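Not measured: the values here are computed from a predicted model. Whatever order the structure lists them in is the order used to number ligands and atoms, beginning at 1.
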Amino acid sequence: MARGKKGKRAEICVYCDRVAVTRDHVPPKAIFPKPHPSTLVSVPCCRACNQAFSADDQYFSVTVPTRHDVEGNEGALQVMQTGLRGLFRPEAKGFRTAILSRLETVNLVTPSGIFLGEGLRTEVDYERLDRVVRRTVRGLYFREYHARLPKTTQISAMIDSSFNEAEVAARNGRDRVVDWLRECPPRVIQAGVFHYWHRLDNDSPENGAWLLVFYDRVWYLVTTASSERKQ
Ligand SMILES: [Zn+2]
């Protein structure tokens, strides 16, 4: 067992086996408008993991609030403005180039075919967003159960930003998992910014389902599963 100063048992990073020296926010702190609420979730983290996450967190906090379907969400608007200001600082040159090189001009057309003019779209790196979401679930699991999900746990994230609360309620069949998750009240970290539901298999808590909602509009359904096959 690792021990830190004064023989006190040191905390272990939620994501690896190193000694934790800092805290990692899940979801990333940057997705919350300032001033940050006191309800943010942070978990023990080592320096190496923390540094490895920072570029993904920055990408997530610039990409998700700027989705067209998040428009009108006040928290997202504020985060987007902060993110864009950060993007134009000299030290963000590499990141800026990466974002701008993915921008392209598209024609905006309504579903009925009315031309609205030109807009900008960016090719989204979904794998990068998924990485942040998978890590967020590891962190939230630790928050809920004060235990780490095994490193071998398979976590898969599926984005579905095409619906809102009312649409979710109206859907059935393939959303049975979503309905099942939503039978209990959600954990709200900040209203309008982030809330989530989750349920675990009582016999095997490594297996579970999570529903993460960003800005009331960007939904992620995440499943966790043991990689060990049961007989
Ligand atoms: Zn670590």
Side-chain angles (χ1 to χ4, degrees), residues 1-32 34 36-64 79 82-83 86 91-92 94-95 98 124-159 187 189-190 193-201 204-214 218 220-228:
M1 183 61 68
R3 285 182 186 275
K5 282 176 194 161
K6 297 175 187 165
K8 202 178 137 201
R9 189 186 291 173
E11 284 189 298
I12 301 298
C13 175
V14 165
Y15 312 106
C16 72
D17 292 326
R18 284 180 285 248
V19 173
V21 293
T22 182
R23 307 280 299 179
D24 178 49
H25 284 88
V26 283
K29 191 162 67 176
I31 73 147
F32 294 91
K34 289 176 182 169
H36 293 138
S38 58
T39 47
L40 297 191
V41 179
S42 71
V43 295
C45 186
C46 75
R47 183 82 60 209
C49 284
N50 197 252
Q51 284 173 352
F53 300 150
S54 92
D56 283 351
D57 284 3
Q58 192 180 10
Y59 184 75
F60 194 93
S61 67
V62 167
T63 307
V64 176
V79 168
T82 306
E91 61 270 29
F95 186 62
V124 174
D125 185 346
Y126 284 102
E127 169 51 28
R128 219 167 170 190
L129 300 182
D130 286 359
R131 274 206 298 268
V132 173
V133 168
R134 293 196 298 262
R135 179 180 115 234
T136 296
V137 163
R138 279 194 181 277
L140 293 177
Y141 182 95
F142 185 86
R143 179 222 187 186
E144 298 276 352
Y145 302 102
H146 306 287
R148 297 188 299 163
L149 264 177
K151 272 190 286 184
T152 51
T153 304
Q154 294 180 340
I155 306 180
S156 55
M158 190 178 79
I159 189 169
R187 297 248 198 230
I189 303 302
Q190 187 176 17
V193 180
F194 180 71
H195 61 280
Y196 67 96
W197 290 266
H198 83 287
R199 288 177 89 162
L200 305 182
D201 178 346
S204 173
E206 199 181 341
N207 300 323
W210 299 71
L211 189 61
L212 274 47
V213 184
F214 299 90
V218 180
Y220 270 95
L221 181 60
V222 182
T223 55
T224 63
S226 165
S227 56
E228 283 169 29

### Task
Rounded to the nearest 0.5 Å, what's the gap from CG on Leu149 to CD on Gln154? Could you check?
12.0 Å

### Message
For the Zn ion (ligand 1), which protein N/O/S atoms fall under 2.8 Å? Skip waters.
### Response
Cys13 SG, Cys16 SG, Cys46 SG, Cys49 SG

### Summary
All heavy atoms of Thr39 vs all of Ile189, minimum pair found to be OG1-O, 2.6 Å

### Value rounded to 0.5 Å, distance of NE2 in His25 from OG1 in Thr136
12.0 Å

### Residues that Tyr15 engages under ring pair (Phe, Tyr, Trp, His ring centres under 6.0 Å), provided they are two or more places apart
Phe53

### Message
By the definition side-chain contact (heavy atoms from CB on, under 4.5 Å), identify the one residue from Trp197, Tyr196, Tyr220 that meets it with Trp210.
### Response
Tyr196

### Message
If you define the side chain from C-beta out and look only at heavy atoms, does anything of Cys13 sit under 4.5 Å from Cys49?
### Response
yes

